[in-house]
Amino acid sequence: MGLLPFGLFILLFLIAPTMKIVLGAFQTPEGGFTLENLRGLFTPSILSSYWISIKISVASSLLGCLIGFLMAAAVVLGGLPRAIRAPLLTFSGVASNFAGVPLAFAFLATLGPLGLLTVFLKTHFGINLRAMGFNILSFWGLTITYLFFQIPLMILIITPALDGLRREWREAAECLGATATQYWRMVALPILFPSILGTFALLFANAFGAVATAIALTGSSLNIVPIMLFAQIRGDVLGNPHLGYAMAMGMIIVTAIANILYIWLRMRSERWLK
C-alpha cells in the first residue's frame, strides 16, 4: 500500500506518456499506421540536430567528468580541510538540480551580450568576448551552461567511489616500490574507471535530455533536438506532432542506452568498492 502512490505516479507521468510517444511515432494524423515519421528522422535538418545535441552532450560530459573528478579528488584525497567537504556536497546537491529558465537567465545575466561579466571585462580590461568569438547563444555557450549542473552531478556520484579506495591498496603499492603516478595508473584509475565511464554515460543522458535550459537560453538560434522537437509539437501550422513523437522516441532510445550503460558499469565498479 505504501508503494501504491509511487506506482501510480510512475504510471501517469512516465509509462503512459512514453507509450503515447511510441504509439504516436507510428501514426498518421488520422490515426492510421505509418513509418513515414521514422523516415523523417533521416532528413538532413533532423540528423544535424541530433549530431549537434550529441556533440554538446559529449563536450559537457567530458568537461564535467574531468573538472568534477579533480574537485572531488581534491576534497577526498588531496588533504584539504574536511570542513570543505560538507558545503561542497550540499552545494552540489542543489546545483545538480538547478536548470531550466532560472539557469538560462543566470547565464544570460552573467555572460550574455550585456551580462555582468561581459561588460566588466570590456570596461576594465578591454576584453571583448563577442569580438573574440564567444557567444552564450552558441555551441560552447550552451556547453558552459550545462557544466553548472554537470560538474556537481559528477562530484556527487564519484565521491563515494573515491571514498571506496582503500588505504591498504596505496600502502601495498608503495611497499612494492610504486610511485604515486604508478599507483594511480595501475591501481586507482583501473578500479575507478567503470565508475568514471558510467558517470560519463549518465551525464551524457542528463545533457541530451535537457530541454527547458536549451529553449530558454538559445531559443531557435541553435538547431538541437529539444528545440526541433518543441517546434514540431507546439501545434502551429508548420508543426507535425507525430514527427515530434518520432524525434522524442529517438531521444528516449539514446538516453535509455546511456542509462543502461551507467547501471551496468556502476554494478561492475561496486564489486571493487564494497
Side-chain angles (χ1 to χ4, degrees), residues 56-111 115-117 120 136 140-171 180-181 183-185 187-210 212-214 217 258-259 261-263 265-270 272-274:
I56 291 175
S57 300
V58 169
S60 64
S61 300
L62 283 175
L63 291 173
C65 283
L66 176 61
I67 300 173
F69 178 82
L70 294 176
M71 293 178 64
V75 172
V76 177
L77 306 172
L80 293 178
R82 295 193 62 85
I84 297 177
R85 174 169 176 153
L88 177 64
L89 292 179
T90 301
F91 171 78
S92 297
V94 175
S96 62
N97 292 285
F98 183 69
V101 176
L103 179 62
F105 173 77
F107 272 82
L108 282 173
T110 304
L111 291 171
L116 178 65
L117 184 59
F120 178 82
I136 193 66
W140 285 111
L142 188 58
T143 299
I144 292 173
T145 304
Y146 281 179
L147 287 179
F148 188 87
F149 54 78
Q150 296 283 67
I151 294 173
L153 184 57
M154 175 64 177
I155 293 174
L156 288 176
I157 296 176
I158 205 64
T159 296
L162 290 170
D163 284 331
L165 291 177
R166 299 178 183 176
R167 182 180 301 176
E168 293 86 347
W169 297 343
R170 177 185 287 272
E171 293 174 349
T181 302
Y183 164 74
W184 276 100
R185 181 171 60 87
V187 179
L189 286 180
I191 293 173
L192 293 173
F193 183 73
S195 293
I196 295 173
L197 188 59
T199 307
F200 171 83
L202 182 63
L203 265 60
F204 176 89
N206 193 39
F208 191 81
T213 301
L217 183 68
N259 279 290
L261 181 63
Y262 163 72
I263 294 172
L265 290 169
R266 187 74 177 179
M267 292 172 61
R268 286 181 58 88
S269 66
E270 287 176 351
W272 283 95
L273 299 175
K274 286 182 180 179

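What you see below is based on every heavy atom in this structure, not just the backbone, and it leaves out hydrogens, waters and symmetry mates.
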Partner residues of [X] under the side chain to side chain contact (heavy atoms under 4.5 Å, CB included) criterion, sequence neighbours left out:
| X | value |
| --- | --- |
| V58 | I54, L62, F200, F204 |
| I84 | V75, L80, P81 |
| A214 | L142, Y146, I224 |
| F193 | L197 |

Under the side chain to side chain donor-acceptor pair (under 3.5 Å) rule, what pairs show up with a residue in residues 94-103, not counting sequence neighbours?
none
With sequence neighbours excluded, give me every side chain to side chain donor-acceptor pair (under 3.5 Å) pair touching residues 58-69.
S60-Q150
Using side-chain heavy atoms (C-beta onward) and a distance below 4.5 Å, is [X] in contact with [Y]?
| X | Y | value |
| --- | --- | --- |
| F91 | V94 | no |
| L162 | F69 | yes |
| I191 | V187 | yes |

Can you name the closest pair of heavy atoms from [X] and [Y] and give their distance?
| X | Y | answer |
| --- | --- | --- |
| P194 | P190 | CD-O, 3.5 Å |
| A59 | T143 | CB-CG2, 4.0 Å |
| A161 | S195 | CB-OG, 3.9 Å |

Does [X] have any side-chain hydrogen bond (donor to acceptor under 3.5 Å, both in side chains) partners at least two apart in sequence or in another chain, and if so, which?
| X | result |
| --- | --- |
| N259 | none |
| T199 | none |
| R85 | D163 |

Taking distance alone, no hydrogens or angles, what donor-acceptor pairs closer than 3.5 Å link side-chain atoms of residues 151-160 to residues at least two apart or in another chain?
from : atom 1 : to   : atom 2 : distance (Å)
T159 : OG1    : I155 : O      : 2.6

Name all residues meeting the ring pair (Phe, Tyr, Trp, His ring centres under 6.0 Å) criterion together with F148; count only those two or more places apart in sequence or in a different chain, and write none if there are none.
F98
Cut-off 3.5 Å, no hydrogens considered: what does the side-chain donor-acceptor table look like for residues 104-111, sequence neighbours left out?
from : atom 1 : to   : atom 2 : distance (Å)
T110 : OG1    : A106 : O      : 2.8

Nearest 0.5 Å, what's the [atom1]-[atom2] distance between [X] and [Y]?
| X | Y | atom1 | atom2 | result |
| --- | --- | --- | --- | --- |
| Y183 | E171 | OH | CD | 10.0 Å |
| L203 | F208 | CG | CZ | 15.0 Å |
| I56 | T145 | CD1 | OG1 | 10.0 Å |

